[in-house]
Amino acid sequence: MKVVIIMPSYNEATNIGPMIKVLFDEEFPKIKGAEMHLLVVDDNSPDGTGNIVKKEMQKYPNLHLLQGEKQGLGWAYVRGMKYAMKELGADAVVEMDADFQHDPKYVKDVVKAFLDGADYVIGSRYVKGGSIPKGWPWYRKAMSYFGNLFAKVMLWKPGLHDFTTGFRLTRVKGVLEKVDLDHLMEMKRFAHKLDLFYRTTKLTKKIVEVPIDFKERTKDSSKFVFKEMIASYKTVVLIRLKESQRLIKFGLVGFVGFVVNYVFIRVFRQINLSETFAWLFATELAIISNFAWNNLWTFSEKKIAGVKNIVAKFVTFNVTSAGALVIQSIFGPLGVKLVGEQYTVLVLAFVVALMVLPYNYLMYNLVIWKTWKNPFKKKTS
Ligand SMILES: Nc1nc2c(ncn2[C@@H]2O[C@H](COP(=O)(O)OP(=O)(O)OP(=O)(O)O)[C@@H](O)[C@H]2O)c(=O)[nH]1
Ligand SMILES: [Mg+2]
C-alpha cells in the first residue's frame with residue numbers, strides 16, 4: 001500500500017525542513033505495511049520553501065515537490081491529489097499542514113486505521129482524546145465549536161464529530177478517484193474542505209475518527225480570518241440547499257398530482273361517470289402526472305427514456321403507487337377508530353405526511369429512479 005501525504009506550503013521555510021526530517025527519520029520508520037511518501041505542493045513561496053525541499057529530495061527518494069502559481073489552498077490540494085493518484089500511484093492520500101499544527105506523530109495512527117480497512121480517516125479534535133489549542137482565545141474556540149455543530153446538523157452526520165479538520169486520509173480506489181475535484185466550492189479558501197468532506201462521505205463505507213491534539217502555530221503567526229468563517233457557513237448552507245432541491249421538487253410534483261386528482265374527480269362527475277370510475281380515472285391521471293413530472297424534473301439526471309423503458313417503469317410506478325393506497329386504507333381507518341371520526345382530516349394529514357410521502361420518496365429513490373443505494377442489500381467487496 002502506497003500512502004502519499006499531501007502537504008501544501010506557502011512561506012513555510014522555517015517549518016518545512018524540520019517537518020521533512022521528523023517524518024522521514026522518526027515517524028515513517030514506525031509505520032509497517034505501507035510505503036510512505038511526502039508530496040510538498042509549494043506555490044513558489046518567495047521565502048524559498050521550494051529550494052529547501054529540493055535539497056532534501058537528494059537525501060529522501062520518497063520526497064516529492066510540485067510547484068506552481070499561488071491559486072489558494074484548495075487548488076494546491078487538488079493539484080497534489082491528482083498528482084499523487086496519477087503520477088505516484090497512491091492507494092491513499094493524507095491531507096496535512098506544514099506548520100506543525102498537525103503533529104506528525106499522528107500519521108501512524110491515521111495510516112493504521114486505513115490499513116485496518118477504513119476508507120476515510122478523520123483526524124478529529126472533537127472525539128475523546130482529541131483537543132483544540134488551549135491557548136486559543138475563547139471566541140476562536142467558540143467559532144470552531146459552533147461551526148462544527150452547524151455542519152453536523154445541516155449535513156446530517158450525527159455519528160461524526162469533526163468536519164473542518166485539515167488532517168484526513170482518503171482511500172483512492174472507489175473514493176477519491178470518483179470525486180469531481182475540479183468543481184468543489186470555495187477552492188481558494190479553507191471552506192473547500194467542507195465540500196470535499198461531504199462529497200467524499202457519499203462514497204465511503206467505513207469512516208474512522210482518530211483523536212488528535214490540534215496544536216497552535218509554533219513558528220510565524222496565524223492568518224485565520226473572519227472571511228474564512230463566513231465562507232464555511234456559506235458552503236454548508238449551499239450543500240444543504242443542493243441536497244434539498246430534489247425533495248422540494250418532489251413536494252411540488254406531489255401537490256400538482258393532488259390538484260389533478262381533485263379537478264378530474266369533478267370533471268368526471270360532470271360528465272356523469274359513476275363515482276367509482278370518476279375516482280379511478282382521476283387517480284390514474286394523477287399517477288401519470290406524478291410519473292411524468294418526476295421523470296422530467298425531480299429526477300431529471302436519472303431520466304427514464306425510450307418507450308420500452310418508460311412503459312416498464314410506469315407499470316412498476318403503478319405498483320408502488322398502489323402500495324401507498326394500501327398504506328392509506330389500512331392506517332386511515334385504524335387512526336379514525338383510535339381518535340374518532342371527527343378528526344378524519346387530521347388522521348389523513350398524519351398518514352399522508354408521515355407515511356405516504358416518505359414511502360413514495362423512498363420508492364422513487366430506491367426503486368424507480370434508483371438514486372439511492374439499497375442499504376439492505378448485502379454489501380459487496
Ligand atoms: N501551496 C499552498 N499552500 C498554502 C496556501 N495557503 C496555505 N497553505 C499551506 O496550507 C497549510 C495550512 O495553512 P495555514 O495558513 O496554516 O492555515 P490555518 O492552519 O487554517 O491557519 P493558521 O492559524 O494561520 O495556521 C500550511 O501548510 C500552509 O503553508 C496556498 O495558497 N498554497
Ligand atoms: Mg496552520
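Predicted, not measured: the structure shown is a model, and the values here were computed from it.
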Look at the side chain of His183 and the backbone N and O of Asp180, then say whether any donor-acceptor pair between them is shorter than 3.5 Å. no
Report the distance from atom CG of Asn360 to atom CG of Asn365, rounding to the nearest 0.5 Å. 11.0 Å
Is the backbone N or O of Phe291 less than 3.5 Å from a side-chain atom of Asn295, with the two atoms forming a donor-acceptor pair by type? no
Considering residues, nucleotides and ligands other than Phe331, do more than 12 of their heavy atoms fall under 6.0 Å from its CZ? no
Atom pair NZ/NZ of Lys313 and Lys308 - distance to nearest 0.5 Å: 14.0 Å
What orientation do His192 and Tyr77 show, parallel under 30°, tilted 30 to 60°, or perpendicular over 60°? tilted
Quick check on Lys178: does its NZ atom have over 12 non-hydrogen neighbours (other residues, nucleotides or ligands) under 6.0 Å away? no
Mind telling me whether Phe268 and Phe264 have parallel, tilted or perpendicular rings, with 30° and 60° as the class edges? tilted
Side chains of Leu241 and Gln245 in contact at under 4.5 Å (non-hydrogen atoms): no
Ion pair check, Lys242 and Asp195, cut-off under 4.0 Å: no
Does a sphere of radius 6.0 Å around CH2 in Trp136 hold more than 12 heavy atoms from other residues, nucleotides or ligands, not counting ones at 6.0 Å or beyond? yes
Check whether any side-chain heavy atom of Val40 sits under 4.5 Å from a side-chain heavy atom of Leu66, and report yes or no. no
Does Met81 reach the side chain of Glu95, with side-chain heavy atoms less than 4.5 Å apart? yes
Main-chain N/O of Lys206 paired to Asp119 side chain as donor or acceptor, under 3.5 Å: yes
Take atom CD in Glu69; do more than 12 heavy atoms of anything else shown fall under 6.0 Å from it? no
Taking Asp97 for its side chain and Asp99 for its backbone only, find out whether a donor-acceptor pair lies under 3.5 Å. no
Over-ring placement of Lys70 relative to Tyr10, 6.0 Å and 45° cut-offs: yes
Which residues satisfy the side chain to side chain contact (heavy atoms under 4.5 Å, CB included) test with Thr165, sequence neighbours excluded? Ile122, Arg125, Asp162, Phe167, Arg168, Ile212
Value for CE (Met19) from CE (Met7), rounded to nearest 0.5 Å, stands at 4.0 Å
If you define the side chain from C-beta out and look only at heavy atoms, does anything of Leu38 sit under 4.5 Å from Asn62? no
Donor-acceptor check, side chain of Lys2 to backbone of Gly89, threshold 3.5 angstrom: yes or no? no
Residue pairs passing the salt bridge (Lys or Arg N to Asp or Glu O under 4.0 Å) test with at least one member in residues 251-270, sequence neighbours excluded, are Arg269-Glu275
Kindly compute the distance separating CZ (Phe299) from NZ (Lys249), expressed to the nearest 0.5 Å. 10.0 Å
Student check: side-chain heavy atoms of Asn148 and His161 closer than 4.5 Å: no
CA sep, side-chain torsions, deciding dist, call: Asn318, Ser321, side chain to side chain donor-acceptor pair (under 3.5 Å): CA-CA 5 Å; Asn318 272 277; Ser321 300; 5.7 Å; no
Sub-3.5 Å donor-acceptor pair from the side chain of Asp91 to the main-chain atoms of Val3, do we have one? no
Quick one: do Lys215 and His102 satisfy side chain to side chain contact (heavy atoms under 4.5 Å, CB included)? Show the steps, please. CA-CA 6 Å; Lys215 297 275 157 53; His102 301 140; over 6 Å; no
Count the heavy atoms belonging to other residues, nucleotides or ligands that lie under 6.0 Å from CZ of Phe350, then report whether that count exceeds 12. no
Could you walk me through whether Lys134 and Glu216 pass salt bridge (Lys or Arg N to Asp or Glu O under 4.0 Å), step by step? CA-CA 8 Å; Lys134 307 251 174 328; Glu216 250 175 299; over 6 Å; no
Could you point out which residue of Phe163, Phe226, Phe150 forms a ring-ring contact (aromatic ring centres under 6.0 Å, His included) with Tyr233? Phe150
Would a distance-only check, ignoring hydrogens and angles, find a side-chain to backbone donor-acceptor pair under 3.5 Å from Glu177 to Gly174? yes
Atom CG in Leu88, atom NZ in Lys82: separation rounded to 0.5 Å? 15.0 Å
Could you check Trp75 against Asp43 for side chain to side chain donor-acceptor pair (under 3.5 Å), going step by step and ending with a plain yes or no? CA-CA 10 Å; Trp75 286 117; Asp43 289 350; over 6 Å; no
Mind telling me whether Phe317 and Phe314 have parallel, tilted or perpendicular rings, with 30° and 60° as the class edges? parallel
Kindly determine whether Met96 and Val107 satisfy side chain to side chain contact (heavy atoms under 4.5 Å, CB included), including the steps that lead there. CA-CA 9 Å; Met96 185 175 170; Val107 171; 3.8 Å; yes
Please evaluate residues Asp213 and Tyr106 with respect to the criterion side chain to side chain donor-acceptor pair (under 3.5 Å), reporting the C-alpha separation (whole Å), side-chain torsions for both, the decisive distance (0.1 Å), and the verdict. CA-CA 9 Å; Asp213 290 318; Tyr106 296 118; 3.3 Å; yes
Are there more than 12 heavy atoms of other residues, nucleotides or ligands under 6.0 Å from atom NZ of Lys141? yes
Would you say the ring centroid of Phe250 lies under 6.0 angstrom from that of Tyr364? yes
Do the side chains of Phe190 and Thr164 get nearer than 4.5 Å, heavy atoms only? yes
Determine whether Lys30 and Lys105 make a side-chain contact, defined as any pair of heavy atoms from C-beta on separated by less than 4.5 Å. no
Is a donor on one side and an acceptor on the other found under 3.5 Å between the side chain of Asn309 and the backbone of Ile304? no
Between Ser144 (side chain) and Arg140 (backbone), is there a donor-acceptor pair under 3.5 Å? no
Contact between Lys55 and Ile20 at the side-chain level, heavy atoms closer than 4.5 Å - yes or no? no
For Val339 and Leu346, what are the C-alpha separation, side-chain angles and deciding distance, and is it a side chain to side chain contact (heavy atoms under 4.5 Å, CB included)? CA-CA 10 Å; Val339 297; Leu346 280 180; over 6 Å; no
Does Glu27 form a side chain to side chain contact (heavy atoms under 4.5 Å, CB included) with Ile5? I'd like the steps, not just the answer. CA-CA 12 Å; Glu27 297 306 322; Ile5 298 179; over 6 Å; no
Does Glu56 come within less than 4.0 Å of Lys21, counting only side-chain N to carboxylate O? yes
Given 3.5 Å as the limit, does a donor-acceptor pair link the side chain of Thr201 with the main chain of Phe197, or not? yes
